[in-house]
Amino acid sequence: MNESTTHQSELSRLSRLKARAEMGGGPAAIDKRHQLGKLTARERLDLLFDPDSFVEINELAESQAVDFGMQKKKVPGDGVVIGFGNIDGRLVFAYAQDATVLGGSVGTIHGEKICRIMDEALKVKAPIVGLFDSGGGRLHEGFFASKGVAGMFYRNTAASGIIPQISVMMGPCAGVSVYSPALTDFVVMVEGTSQMVITGPGVIKSVTGEEVTLEELGGARVHSEITGQAHLVAKNDTECLETVRKLLAYLPSNNEETPPVADAVDDDPQRTDDTLETIVPDNFRKAYDMRKVVRRVVDNGNFFELLPRFARNIITGFARLDGITVGIVGNQPIILAGCLDVDSSDKAARFIRFCDAFNIPLINFVDVPGYFPGVKQEHLGIIRHGAKMLYAYSEATVPKITLALRKEYGGAVMAMCCVGMEVDLMLAWPIAKLVVLDTATAVNLIFRKEIQAADDPEAFRQQMIKEYDHKYSNPFHAASNMLVDKVIAPGETRPQLIKALRMLKNKARPKRSRRHGNIPL
Amino acid sequence: MTEIKAPMPGVICDVKVKPGDTVIADQEVLTLEAMKMEMPIASTAAGTVAEIKCGKGDAVQGGDLLVVIK
């Protein structure tokens with residue numbers, strides 16, 4: 001030890017280095033961010049984690065590159081903050097890109113830091129949250145940075161289904177900073193200040209001649225409504241990080257745990273609710289908002305909806321029943337009559353697989369008239385996309401409870417999980433119609449010749465409709481064949497679902513011996 | 001300006017606003033009957049109804065312009 005080196009001297013050296021790291025791209029750059037309504041990487045982490053719980057590591061790691069003026073530009077930390085801390089008292093890992101340092105670009109060390117914290121999260125099996133604010137790979141470092149970039153993709157995939165991965169988009173992002181999020185479970189965007197694109201407006205203009213702004217190309221509206229890339233959108237940085245905390249509260253830390261059970265539930269598990277009979281009209285031509293049904297049934301009316309503005313003909317999201325996290329999948333009659341199509345199949349299938357991977361029981365609210373007909377849907381590949389739901393429900397071994405509210409028509413019924421798909425409990429309301437086709441269409445097809453030959457074809461048709469309806473278009477016929485386990489009053493939905501969940505608590509979930517299945521993608 | 005278009009082919013069974021009316025986002029402006037279901041067509045933005053391009057009983061195609069909000 002050099003005589004001039006003392007605890008005191010080295011502690012001051014450390015604090016100088018830390019201060020330099022914490023300054024990122026400098027006070028001017030930080031001021032500029034604040035003016036744009038954006039927070040710095042460290043401010044964001046402070047909001048995300050419980051107070052004083054975040055521990056930063058590798059804060060002194062810095063770029064080793066020397067070319068193109070990098071020696072002068074480099075900053076300790078290399079433009080990304082990594083570490084761990086508590087969210088609602090539970091361990092979570094995080095990395096946050098600092099756009100004030102070389103635009104948050106992924107240099108070699110930057111990439112290695114992210115990979116390092118992902119490895120740590122996977123080792124101890126705790127969720128990881130990435131706060132993205134970066135244009136992608138760092139060009140100054142040539143091809144070196146690609147190892148970290150590819151390493152992020154590799155680790156996202158390795159961690160998939162083992163720990164929850166959440167990506168938070170907090171600035172204009174491209175390249176690695178959008179493909180890594182695409183591999184994770186949930187993407188949250190900030191309205192107005194975050195964008196996700198593969199090629200930016202400049203490149204697009206030079207190649208195809210199309211003129212488009214970054215926001216029009218890949219803003220929060222685009223990804224939450226058109227592409228289905230962004231599960232949630234927040235108004236600003238603060239609301240965004242609060243949303244991430246709320247989301248994590250529904251999730252287990254890893255695939256070997258069950259989600260935390262909310263304590264002190266102040267919603268009676270025995271609570272019945274007769275208003276469900278008015279929310280859902282018994283006139284099948286009248287639409288209603290399925291989210292209203294869900295909110296009346298779950299604990300305290302809290303339904304945490306995912307992708308609320310994408311493929312709105314199906315609803316997906318988390319809620320609690322007697323404190324237990326459940327995944328809700330429901331048809332939405334006010335949009336496309338609740339028909340299934342390409343986008344809604346993709347949306348539901350991925351959600352079902354998340355729930356199955358993370359031990360979250362599935363509750364299916366079914367009111368589906370069929371697949372949305374048309375050349376467009378057929379040519380978009382409804383066969384391939386629709387098959388994803390069949391696959392996801394068949395594959396899922398978490399408790400699966402299906403409730404038939406009104407229409408259970410045709411092939412779409414299977415896509416919503418029914419008896420042949422090892423549903424654990426199939427419930428139906430008394431007004432539900434479990435049929436291959438709606439009655440009028442079925443009668444027209446079965447009795448085509450007889451209707452034509454009848455003295456009064458319309459009277460005959462109406463009589464057949466009445467007979468067919470009485471015989472088949474009800475849950476009692478299905479119940480007599482054990483295709484429905486229990487017909488329940490609408491008002492009893494909540495207590496019945498809770499009893500079913502309790503019964504299924506210790507459901508055996510045998511592991512299949514195979515590398516992995518081959519879901520139609 | 002916001003254009004509200006038909007999400008699918010169907011028949012307009014009710015027009016719930018008139019030109020000059022103020023609407024909020026997600027407010028029902030029309031009812032469309034399609035796939036044997038009467039569904040609300042909601043405004044996607046807040047504003048004033050500038051034009052109504054359809055009437056009760058009209059058959060519309062998916063993508064047809066129905067209402068203009070300014």
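Proteins come first, then strands; the chains are lettered A, B, ... in the order of their sequence lines, and each starts at number 1. If you're wondering where the values come from, they're calculated on a predicted model, not measured in any experiment.
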Check step by step if side chain to side chain contact (heavy atoms under 4.5 Å, CB included) holds for Val23(B) and Val17(B). CA-CA 8 Å; Val23(B) 294; Val17(B) 290; 3.9 Å; yes
Evaluate side chain to side chain contact (heavy atoms under 4.5 Å, CB included) for Trp429(A) paired with Glu277(A), printing each intermediate quantity in order. CA-CA 10 Å; Trp429(A) 285 3; Glu277(A) 288 178 30; over 6 Å; no
Between Val293(A) and Leu276(A), does the side chain to side chain contact (heavy atoms under 4.5 Å, CB included) criterion hold? Intermediate values first, please. CA-CA 7 Å; Val293(A) 175; Leu276(A) 288 169; 3.9 Å; yes
Could you give me the CA-CA distance, side-chain angles and deciding distance for Glu191(A) and Lys235(A), then say whether salt bridge (charged side-chain N to carboxylate O under 4.0 Å, His left out) is met? CA-CA 5 Å; Glu191(A) 214 171 273; Lys235(A) 286 198 168 56; 5.4 Å; no
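If you measure heavy-atom distances from Phe284(A) to chain B, the contacts under 4.5 Å come from the backbone alone. For Arg309(A), the part sitting under 4.5 Å from any heavy atom of chain B is the side chain, from C-beta outward, and nothing else. Heavy atoms closer than 4.5 Å to chain B are found nowhere in Asp289(A), neither backbone nor side chain.
One finds the CG atom of Asp346(A) at 6.5 Å from the CZ atom of Phe310(A) (value rounded to the nearest 0.5 Å).
Note on Lys407(A) versus Asp438(A): no salt bridge recorded, every NZ/NE/NH1/NH2 to OD/OE distance being 4.0 Å or above.
Closest of all the heavy-atom pairs between Ser473(A) and Lys433(A) is O-CG, 3.4 Å.
Interface with chain A: from residues 41-70 of chain B, no residue qualifies, criterion being any non-hydrogen pair under 4.5 Å.
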